[in-house]
Every structure is written in structure tokens, then in C-alpha cells.
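Numbering starts at 1 and runs along the sequence shown. In listed order, ligands and their atoms are each counted from 1.
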Amino acid sequence: MKSPRALDSRSPEHDDLGMTTLQKAEAADHALIEELDRLVIVKSTIYTSGERDPREPLARQPDQGKLYLMGHDPRLPRMPDKPTLFDFFKYRFGPANHMLQSARLARKNGTSEQIILACLLHDIATSGFIRADHGYWAAQLVEPYVDAEVSFAIRYHQVLRFYPDESVGYRYPDSYVRLFGADFKPEPYLERAYQHALHHKWYMSARLLTVNDLYSFDPNAQVELEEFTDVVGRHFRQPEEGLGFDESPSAHMWRTIMWPTRYL
Ligand SMILES: [Fe+2]
Ligand SMILES: [Fe+2]
């Protein structure tokens, strides 16, 4: 029920409850603090492993009758009930400029739509999930929804970045020397993965991803996701139930990205 006072105070800046934008923001903040006060939110081991020794027991805070979070994290924007790939870009992934500019470059270079899609998706693990072995995680996330060539390119781009291929003008990145030091050597499992990719029929698909994987991208060039609506529509099999609810082999991974702090 609206109070007479609220009605009296209506003006263009007031909504139906007579609240200004600032008041609404304050009310939302207050509601969030209250909700967080009722919940215990625990981080998964992988968030803290290294900062603490995962073998040590966790000091359990007295929870004073609070409930453990088992759904949406109130600190994050809510996702639609049937989330699409673009919803994950909008609500859960970090700035996607690098992937978008890589996809645009791939298109400019005349690669196939499969390679453009691979470029658009290749670093979703670093931007929204787990960094280490990001090529493998990203490939696994999208595998049920894309052609095998696309997930192959995504999986092996991580490895191929470490190995030059002069035939396509791909050099070892200067940025890797800066980041990892001049003496860095990939682990033996990466050397084996490189050999596997090198002799695979889709080697060039993964290699083309590395060629278009822009590391020094233009911070001012704004590329919108919508530029790739057509490619995604044709080559990403968006599940009707929404990503996370379609019982694919990676559905649980999408759910974890959506609800990263659920207790179980
Ligand atoms: Fe990458
Ligand atoms: Fe990349």
C-alpha cells in the first residue's frame, strides 16, 4: 500500500513508492547487507589453496544459527532462468574485449565461422572460471555445444601459444618472455600435447586461433557481442533449458559459474 505521504512526494525523480534513485540505491544496499547477515558464505578450496595449506582444517566460525548459502549469491547480478551464452558473457565473465577483438580479427582475416567462434570463446575460462589449464577448461565447458573442431582449437590454443610456427608467421610471444621469464619451459605434458596437436587433422584450426589471439589489443576499440550473434546462432547449440540445466556433461560447470559460492 502506498502511503499518502509517498503519493504526495511524487515527482519525475520519484517512483511509485516515492523513492528517489538515491533512496532506492540505499534501500538495495541495506537489503543486501541484511541478506548477507543471514547467510554463511564459504569459499571453495580452489579459491584459497596456496594462500592457505588446503590440508589444514578450516577454522569454523560460529554461525549463530545462520543458514549456509545454497543458491544465488546476493553480491552477484541475478541470471535469467534459462541463461544463454551471451548471458554468461554479460553477467559472469570479465571484460571480453580481448576475445571479441580476436574474433573480429579472425573474421577480418577471412577464417571460417568455426574459427571465429573459437576465437570468441577461447579464454572464457580465464575470464570467468579457472586460469590454470584454461584451454582445457574452456574446451570442456563448450564441448557439448560446438563442433569438435571448435573445442579442439580452444583446447590446444593454450599449448600452441608456447610453440612458434613460422609457416603462418606465429612467433613465441614477447609478452610470455616478460610474464614467465626467458628460461621458461613448458611442462612435459604440454610438449606431448603439442606433438599430438601438431599431427592432428585440425592442427591448423588451433594454430589459426593462436594467430588471431591478440595479445596487444587496442584498449579503445569497442567490439560488441552482438557483432557475433549470427555466428553464435549458427554454430553454438544453445540448449533450450538454459546453460546449466540441460544435463550435458558440462552443465554443472556452468551452474558453478552461475552460483560459485553454494555450500554444496
Ligand atoms: Fe588463451
Ligand atoms: Fe587469448
Side-chain angles (χ1 to χ4, degrees), residues 46 85-86 88-90 92-109 111-143 145-165 168-181 184-187 189-194 196-198 200 202-225 227-228 231-232 235-236 250 253-254 257:
I46 196 141
L85 177 65
F86 280 7
F88 277 91
F89 270 89
K90 287 176 193 157
R92 289 295 182 273
F93 296 166
N97 236 345
H98 164 64
M99 288 182 283
L100 289 163
Q101 288 188 23
S102 298
R104 181 185 270 183
L105 180 66
R107 179 177 265 164
K108 191 173 141 235
N109 286 336
T111 66
S112 70
E113 293 199 335
Q114 304 289 5
I115 301 303
I116 297 171
L117 180 65
C119 284
L120 181 69
L121 301 172
H122 75 280
D123 282 338
I124 54 172
T126 44
S127 78
F129 193 45
I130 296 174
R131 290 194 74 86
D133 270 324
H134 74 287
Y136 294 85
W137 285 116
Q140 200 177 345
L141 271 163
V142 301
E143 210 137 48
Y145 315 106
V146 299
D147 289 353
E149 181 188 357
V150 175
S151 52
F152 180 91
I154 294 173
R155 178 171 281 110
Y156 286 99
H157 92 276
Q158 172 196 330
V159 177
L160 294 188
R161 292 287 292 172
F162 295 116
Y163 297 89
D165 183 341
V168 288
Y170 178 79
R171 292 174 40 235
Y172 185 79
D174 295 338
S175 61
Y176 279 17
V177 178
R178 278 198 307 278
L179 289 169
F180 312 129
F184 173 77
K185 286 257 172 314
E187 295 279 331
Y189 85 93
L190 287 172
E191 172 64 31
R192 286 196 299 276
Y194 167 60
H196 173 73
L198 191 59
H200 196 280
W202 288 324
Y203 167 70
M204 210 27 92
S205 311
R207 179 51 79 191
L208 277 175
L209 205 170
T210 68
V211 169
N212 292 287
D213 192 347
L214 264 183
Y215 268 53
S216 51
F217 62 95
D218 179 355
N220 299 313
Q222 219 25 67
V223 186
E224 301 300 328
L225 266 176
E227 195 170 309
F228 303 100
V231 170
V232 169
H235 302 288
F236 188 89
S250 67
M253 294 163 69
W254 293 96
I257 296 173

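A donor atom on one side chain and an acceptor atom on the other are found under 3.5 Å apart for Tyr203 and Asp165. The closest side-chain donor-acceptor pair between Asp123 and His98 falls under 3.5 angstrom. Under the 3.5 Å distance criterion, with hydrogens and angles disregarded, no donor-acceptor pair is assigned to the side chains of Ser250 and Gln140. Side chains of Thr210 and Arg207: a donor-acceptor N/O pair is present below 3.5 angstrom, by distance only.
The distance from the Fe ion (ligand 1) to the nearest N/O/S atom of His157 is under 2.8 Å. Inclusion of Asp123 in the first shell of the Fe ion (ligand 1) is supported: an N, O or S atom falls under 2.8 Å.
Closest approach between the Fe ion (ligand 2) and any N/O/S atom of Asp213 involves OD1. Per residue His134, closest N, O or S atom to the Fe ion (ligand 1): atom name NE2.
Our summary of the site lists the angle at the Fe ion (ligand 2) between NE2 of His122 and NE2 of His98 as 100°, to the nearest 10 degrees.
Aromatic rings of Tyr194 and Phe162 (six-membered ring for Trp) have centroids beyond the 6.0 Å cut-off, not under it.
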